[in-house]
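Read through the structure below, which is laid out as structure tokens, and then see the notes.
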Amino acid sequence: MNLLDSRIYGIVLTLSTVVLLVYGFALGDWEDYVQQFQSDRFINGMSLAFCLFYLLFPTVVGDDMARRRFPNAEVFLAVVFVPLLGSLAYLCLRPPLMSSTIREES
């Protein structure tokens, strides 16, 4: 749990995602993706699932911010409206869960 809650994990996840995004946009073939989206149920389902997760993501982030006593509304809006990079930035910037529960007990 400490590994998943650490900022280093968020930074590593952000860097690896940025590398994959750059690779995908630089060498990806959008015409082939559209063709696969229309003909392959797996590609279609995974793409639609990604969109559904994006729509449901604000409820999860709001709950996590409340648990961590992170009341900054501007950060919430930035995380919610920037689909992938906003959530990765939140993973890098959020306070650890342990310190927020210790502050609660004091």
Side-chain angles (χ1 to χ4, degrees):
M1 188 67 172
N2 290 334
L3 174 69
L4 296 177
D5 196 37
S6 70
R7 287 190 179 172
I8 294 172
Y9 178 73
I11 292 169
V12 168
L13 193 61
T14 301
L15 291 175
S16 62
T17 303
V18 168
V19 167
L20 287 173
L21 281 174
V22 168
Y23 175 76
F25 283 120
L27 301 174
D29 186 4
W30 285 101
E31 293 174 11
D32 186 42
Y33 170 74
V34 170
Q35 181 184 6
Q36 292 292 329
F37 181 82
Q38 293 172 349
S39 63
D40 190 356
R41 288 179 141 182
F42 179 75
I43 305 287
N44 189 316
M46 292 305 290
S47 299
L48 295 176
F50 180 77
C51 294
L52 181 64
F53 291 146
Y54 171 66
L55 291 175
L56 296 174
F57 188 66
T59 58
V60 176
V61 172
D63 182 53
D64 189 62
M65 288 178 83
R67 287 179 194 223
R68 295 173 190 275
R69 308 281 188 233
F70 199 83
N72 198 343
E74 291 84 17
V75 172
F76 176 76
L77 292 175
V79 166
V80 170
F81 289 120
V82 179
L84 182 61
L85 299 177
S87 58
L88 290 170
Y90 176 70
L91 287 177
C92 294
L93 299 175
R94 68 183 180 170
L97 190 58
M98 298 295 184
S99 66
S100 63
T101 56
I102 290 172
R103 271 189 264 136
E104 181 180 309
E105 293 173 1
S106 299

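A quick note: this is a predicted structure, and the numbers were derived from the prediction, not measured.
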ask   = If you look only at pairs with a residue in residues 10-24, which of them pass as a salt bridge (charged side-chain N to carboxylate O under 4.0 Å, His left out), with sequence neighbours excluded?
value = none

query = Please, which pairs that meet side-chain hydrogen bond (donor to acceptor under 3.5 Å, both in side chains) have at least one residue in residues 52-65, sequence neighbours excluded?
reply = Asp63-Arg67, Asp64-Arg68, Asp64-Tyr90

message = What's the separation between atom SG in Cys92 and atom CD1 in Ile8, rounded to the nearest 0.5 Å?
response = 11.0 Å

request  = Give a yes or no on whether Leu91 and Val82 share a hydrophobic cluster (residues Ile, Leu, Val, Met, Phe, Trp, Tyr; joining criterion: side-chain heavy atoms under 4.5 Å apart).
outcome  = yes

inquiry  = Val61: which residues meet the side chain to side chain contact (heavy atoms under 4.5 Å, CB included) condition with it, sequence neighbours left out?
reply    = Phe57, Met65, Phe76, Val79

request  = Determine the minimum heavy-atom distance between Leu3 and Tyr9, stating which atoms define it.
outcome  = O-CB, 3.1 Å

request  = Could you state whether Leu88 and Leu4 fall into the same hydrophobic cluster, counting links through intermediate Ile, Leu, Val, Met, Phe, Trp or Tyr residues with side-chain heavy atoms under 4.5 angstrom apart?
outcome  = yes

message = Hydrophobic clustering (ILVMFWY, side-chain heavy atoms < 4.5 Å, transitive) - are Val18 and Leu13 grouped together?
response = yes

Side chain to side chain contact (heavy atoms under 4.5 Å, CB included) against Leu21, all qualifying residues, sequence neighbours excluded = Thr17, Phe25, Leu84, Leu85

message = Going by side-chain hydrogen bond (donor to acceptor under 3.5 Å, both in side chains), name the pairs with one or both residues in residues 20-44, residues two or more places apart or in two chains.
response = Tyr33-Ser47

ask   = Got a sec, which residues hit side chain to side chain contact (heavy atoms under 4.5 Å, CB included) with Leu56, two or more places apart in sequence or on another chain?
value = Leu52

